[in-house]
**Student:** 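Dumping the structure here so I can ask a few things about it.
Just so you know, ligand 1 is whichever comes first in the structure, and atom 1 is the first atom listed for that ligand. Note that these values count all heavy atoms, side chains included, but never hydrogens, waters or copies made by symmetry.
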Amino acid sequence: MKDWWKNSVVYQIYPRSFKDSNGDGFGDLPGVMEKLDYLKELGIDVIWLSPVFDSPQDDNGYDISDYRKIYERFGTNEDMEQLFAEAHQRGIKVVLDLVVNHTSDEHAWFVESRKSKDGEYSDYYIWKDAKPDGSEPNNWGSSFCGSAWEYCPERDQYYLHFYSRKQPDLNWENDKVRKEIYDLMRFWMDKGADGWRMDVIASISKDQGYPDYPEEPGRKYYTGKYHSNGPRLHEFIQEMNQEVLSRYDCMTVGEAPGSTPEVAQLFTDPARKELNMIFTFEHMNIDRIPGSVNRKWALKPFSLVELKRVMTDWQMKLSGRGWNALYFENHDQPRVISRWGNDTVYRKECAKAFATVLHGMQGTPYVYQGEEIGMTNAHFELDEYEDIEVRNAYQELVVKTGSISEEDFRAAVWYKSRDNGRTPMQWDDSEHGGFTTGTPWFKMNDRYKEINVKEALADPDSCFYYYKKLIQLRHEEPLLTEGNYHLILAEDEKIFAYLRSTETETWLVAANLSEEVIPIDALVNAVAETETGFDGNADCRWEFMISNYERQNLKQALRPYEAFMVRI
Ligand code: NOJ
């Protein structure tokens, strides 16, 4: 089917934390194969695998040293081909992670590039001379804190790295680099890959003037507009589309920090022949103080009104002009119920409520491993965190500059560190949650005895079966793919509600995203004020397509984290 990705649901696997098959404590491809029937049962259409290629693992595989070789601890190239085959047998597609803004500094290209200024690979990366005083070429910062430039004595020059110093940025201005990338894409697509999730793809084109950011007091390095959406970005993506993507029946999703819905239109308008969809960060940034030196660790209280405003803006602006990638969780985000909801008394209701509002929207929904069983954030000691982002930020912000106290930093890490989503998958209540028979590479979340797949599969009322039903609805109900979106109760601080409609039908999607019992009148009246033909009679028996509490009509108050979809 053309555009099959529009009514698909994607399941993201973070391979090192998904399932270990050989007892080394590290998830692997045979482990993924063991769980394909589980994913089939859930009903998802596509798996997105975070990077599985050879890598020193400085940033958990987002630092690739050989694009054509599977990292040993994940398995072999043959395992990858077998995984393609086994997934395809079950009607599941497999999308790989394309990390080509940068490579590892251990990639053969970089090993050569750093040797001299006039070798074959010298221009594969971004090398610049120091400023006259010997300092970095400009004040660009790394997303992992500190300068984005690292000095290399062999060349007496600096190289650019938007992430860790072990992740040098590739020079996309060099035709040879782009050709190498297109070749490696074809290499995996010819073996069976069904598409790509493209890591920080909005950063591949850089302003060739390499200008400094304007200075602010108390700050040395900056990240911002020069870090994404550079002048040749769309030209490069169009070229990639022409050279590679257009030749395969594939799916693409670009990770695009710093993008607005207007930028998303450029990426995803089918007429422009670029990508199918992009991941925005706008809704993920609503609980951070903009522009703070403490970056993502500078927390601001969650506002449902703001979340609705941002998500609605994306729904409206991409409708008919592009396509949305819908997500609350991935390997870079904490668990949504711990972040913006309730992960204790109302854990299951809350997980289902967030799932309802997400899967009711227009776009392709993404489920991150463990989200379907309502996994929660983990609270570890600071020295137990594995993520380079946490470790670097601690050194820079707590130890070196003292811009945030250790206490506030710990609170922020518990609330939103990436490691919250990276604890091993909780399969059952046995030791290490059934993830491994060995010692897990990273601590288990200590709630695994209570929250695990075995428990979820045994409980007909679990989050798992709720997700299964949502996914089934996406397959069976064209309205969810095609219908228009119309937000109601925009200013309500507790209710997230909207209508989806086609020429023939209208659905109400609603969730009480609070612990309170709320009278339903405001919701009923808001629907009556729209052009749905509904006369406000709350007695009438609408068709409930899915709900997380028992409910027959719209008279009863909304219970804590109650959510439903009804056909009007
Ligand atoms: C985005 C990835 O999702 C993240 O995990 C990684 O650290 C950066 N890009 C750098 O590759």
**Student:** Please step through side chain to side chain contact (heavy atoms under 4.5 Å, CB included) for the pair Ser21 and Asp28, ending with a clear verdict.
**Tutor:** CA-CA 7 Å; Ser21 73; Asp28 46 42; 3.0 Å; yes
**Student:** Residues in side-chain hydrogen bond (donor to acceptor under 3.5 Å, both in side chains) with Glu381, at least two apart?
**Tutor:** none
**Student:** Within the 4.0 Å heavy-atom shell around His331, which atoms of ligand 1 are there?
**Tutor:** 2 (C), 3 (O), 4 (C), 5 (O)
**Student:** One residue to check: His161. Relative to ligand 1, which of side chain, backbone, both or neither has a non-hydrogen atom less than 4.0 Å away?
**Tutor:** neither
**Student:** Distance to 0.1 Å, residue and atom name: give those for the protein heavy atom nearest to atom 2 (C) of ligand 1.
**Tutor:** Asp199 OD1, 3.0 Å
**Student:** Measure Glu389 to ligand 1 on non-hydrogen atoms and call it side chain, backbone, both or neither using the 4.0 Å cut-off.
**Tutor:** neither
**Student:** Would you check if the side chain of Arg474 reaches a backbone N or O of Val9 as a donor-acceptor pair within less than 3.5 Å?
**Tutor:** no
**Student:** Are His161 and Phe144 an aromatic pair by the rule of ring centers under 6.0 Å?
**Tutor:** no
**Student:** Just which atoms of ligand 1 are under 4.0 Å from any heavy atom in Asp332?
**Tutor:** 1 (C), 2 (C), 3 (O), 4 (C), 5 (O)
**Student:** Report yes if Tyr163 has an N/O atom closer than 3.5 Å to an N/O atom of ligand 1; otherwise report no.
**Tutor:** no
**Student:** Give the atoms of ligand 1, by number and element, whose distance to some non-hydrogen atom of Phe144 is under 4.0 Å.
**Tutor:** 7 (O)
**Student:** Side chain, backbone, both or neither: which part of Arg422 has a heavy atom under 4.0 Å from ligand 1?
**Tutor:** side chain
**Student:** Within a radius of less than 6.0 Å around CD of Glu384, do more than 12 heavy atoms belonging to other residues, nucleotides or ligands occur?
**Tutor:** yes
**Student:** Is there a donor-acceptor pair under 3.5 Å between the side chain of His107 and the backbone N or O of Trp109?
**Tutor:** yes
**Student:** Considering the heavy atoms of His102, write down every atom of ligand 1 situated less than 4.0 Å from one of them.
**Tutor:** 10 (C), 11 (O)
**Student:** I need the atoms of ligand 1 closer than 4.0 Å to a non-hydrogen atom of Arg418, numbered in the order shown.
**Tutor:** 4 (C), 5 (O), 6 (C), 7 (O)
**Student:** Could you tell me, atom by atom, which parts of ligand 1 come under 4.0 Å of a heavy atom of Glu255?
**Tutor:** 1 (C), 3 (O), 9 (N)
**Student:** What protein heavy atom sits nearest atom 6 (C) of ligand 1, and how far away is it?
**Tutor:** Asp59 OD2, 3.2 Å
**Student:** State which residue, out of Arg165, Lys128, Lys166, fulfils the salt bridge (Lys or Arg N to Asp or Glu O under 4.0 Å) condition with Glu150.
**Tutor:** Arg165
**Student:** Taking side-chain hydrogen bond (donor to acceptor under 3.5 Å, both in side chains) as the test, write out the residues that go with Gln362, two or more places apart.
**Tutor:** none
**Student:** I need the contact type for Tyr14 against ligand 1. Using non-hydrogen atoms and a strict under-4.0 Å cut-off, is it side chain, backbone, both or neither?
**Tutor:** neither
**Student:** Can any side-chain N or O of Asn420 pair as donor or acceptor with the backbone N or O of Ser417 at less than 3.5 Å?
**Tutor:** yes
